[in-house]
A.B. asks: 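Structure below; questions to follow.
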Amino acid sequence: MHSFGYRANALVTFAGTMLACCAASPLSIRTTSTFLPTADVQVLNINWFQKQPNGNDEVSLTLNISADLQSMFTWNTKQVFVFVAAEYESPQNALNQVSLWDGIIPSKEHAKFRIHTTNKYRLIDQITEGTPPKWMRL
């Protein structure tokens, strides 16, 4: 009937095919599922705005951050790092980026959240005296 070589070839071919299917299955899940995280950041209040002795401006903001990041968690996602950054122009720099808040979402159960907080990191700008930023985007 079949020799040992034919049986070994069939076994190795079957094992290789199964291994390829197992390796390709996460790719098919990743490409067919949609990831639509939503987030909304609102500046509720400017707590204080002061000029430091060296001429820099410092601002404290109250933020309302709400997000639904549950779609980002898959079978392979352990945690998600989230941050809020402000971008603005100034006469000295074409683009300034400042981190205002960050956090780590440990699981899918914590991925839908609403936070009312002040900026975690100080928002300090080194603009020339009397020249406010042209625009700011969160």
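From a predicted model like this one, the values you see are computed outputs, not experimental measurements.
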A.B. asks: From N45 CG over to T118 OG1, what is the distance, rounded to the nearest 0.5 angstrom?
C.D. replies: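 If we round to the nearest 0.5 Å, N45:CG and T118:OG1 are 11.0 Å apart.
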A.B. asks: Of all heavy-atom pairs between D102 and Y121, which one has the smallest distance, and what is that distance?
C.D. replies: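 Answer, listing the atom of D102 first, then Y121: OD2-OH, 2.9 Å.
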A.B. asks: Please answer whether the main-chain N or O of M72 pairs with a side-chain N or O of T77 as donor and acceptor at a distance below 3.5 Å.
C.D. replies: yes
A.B. asks: How long is the span from the CD atom in E89 to the CG atom in L95, to the nearest 0.5 Å?
C.D. replies: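 So the gap between those two atoms works out to 7.5 Å.
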A.B. asks: Considering residues, nucleotides and ligands other than F14, do more than 12 of their heavy atoms fall under 6.0 Å from its CZ?
C.D. replies: no
A.B. asks: Which atom pair, heavy atoms only, marks the closest approach of E58 to I124?
C.D. replies: CG-CG1, 3.9 Å
A.B. asks: Using modelled atom types only, decide if a donor and an acceptor are shared between the side chain of N119 and the backbone of L61 within a distance under 3.5 Å.
C.D. replies: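 Between the backbone of L61 and the side chain of N119 there is a qualifying donor-acceptor contact (under 3.5 Å).
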A.B. asks: Which value, rounded to the nearest 0.5 Å, describes the distance between T117 atom OG1 and L44 atom CG?
C.D. replies: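 Between atom OG1 of T117 and atom CG of L44 there are 10.5 Å.
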A.B. asks: Could you check whether atom NZ of K120 has more than 12 heavy atoms from other residues, nucleotides or ligands sitting under 6.0 Å from it?
C.D. replies: yes
A.B. asks: What's the spacing between K108 NZ and T74 OG1 if we round to 0.5 Å?
C.D. replies: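 It comes to 9.0 Å.
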A.B. asks: Check whether I46 and L123 end up in the same hydrophobic cluster, where Ile, Leu, Val, Met, Phe, Trp and Tyr are linked by side-chain heavy atoms less than 4.5 Å apart.
C.D. replies: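 Linked within one cluster.
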A.B. asks: Less than 3.5 Å apart, any donor N or O on the side chain of N47 or T62 sitting next to an acceptor on the other?
C.D. replies: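 There is such a pair between these side chains.
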A.B. asks: Give, for atom CG of L19 and atom SG of C21, the distance between the pair rounded to the nearest 0.5 Å.
C.D. replies: 9.0 Å
A.B. asks: Which heavy-atom pair separates Q79 from I104 by the least distance, and what is that distance?
C.D. replies: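 That would be OE1-CG2, 3.5 Å.
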A.B. asks: Below 4.5 Å, heavy atoms only, C-beta onward: do W101 and I115 meet side chain to side chain?
C.D. replies: yes
A.B. asks: How far does NZ of K112 sit from CG of D68, to the nearest 0.5 angstrom?
C.D. replies: 5.0 Å
A.B. asks: Would the number of heavy atoms belonging to other residues, nucleotides or ligands and lying under 6.0 Å from CZ of F83 be above 12?
C.D. replies: no
A.B. asks: For a quick test of reading the model, state the closest non-hydrogen atom pair linking S71 to P37 and the distance between them.
C.D. replies: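 In terms of heavy atoms, the two residues are closest at OG-N, 3.5 Å.
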A.B. asks: Specify the closest pair of heavy atoms between L100 and A86, including all atoms of both residues, with the distance to one decimal.
C.D. replies: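 So the minimum-distance heavy-atom pair works out to CD1-CB, 3.9 Å.
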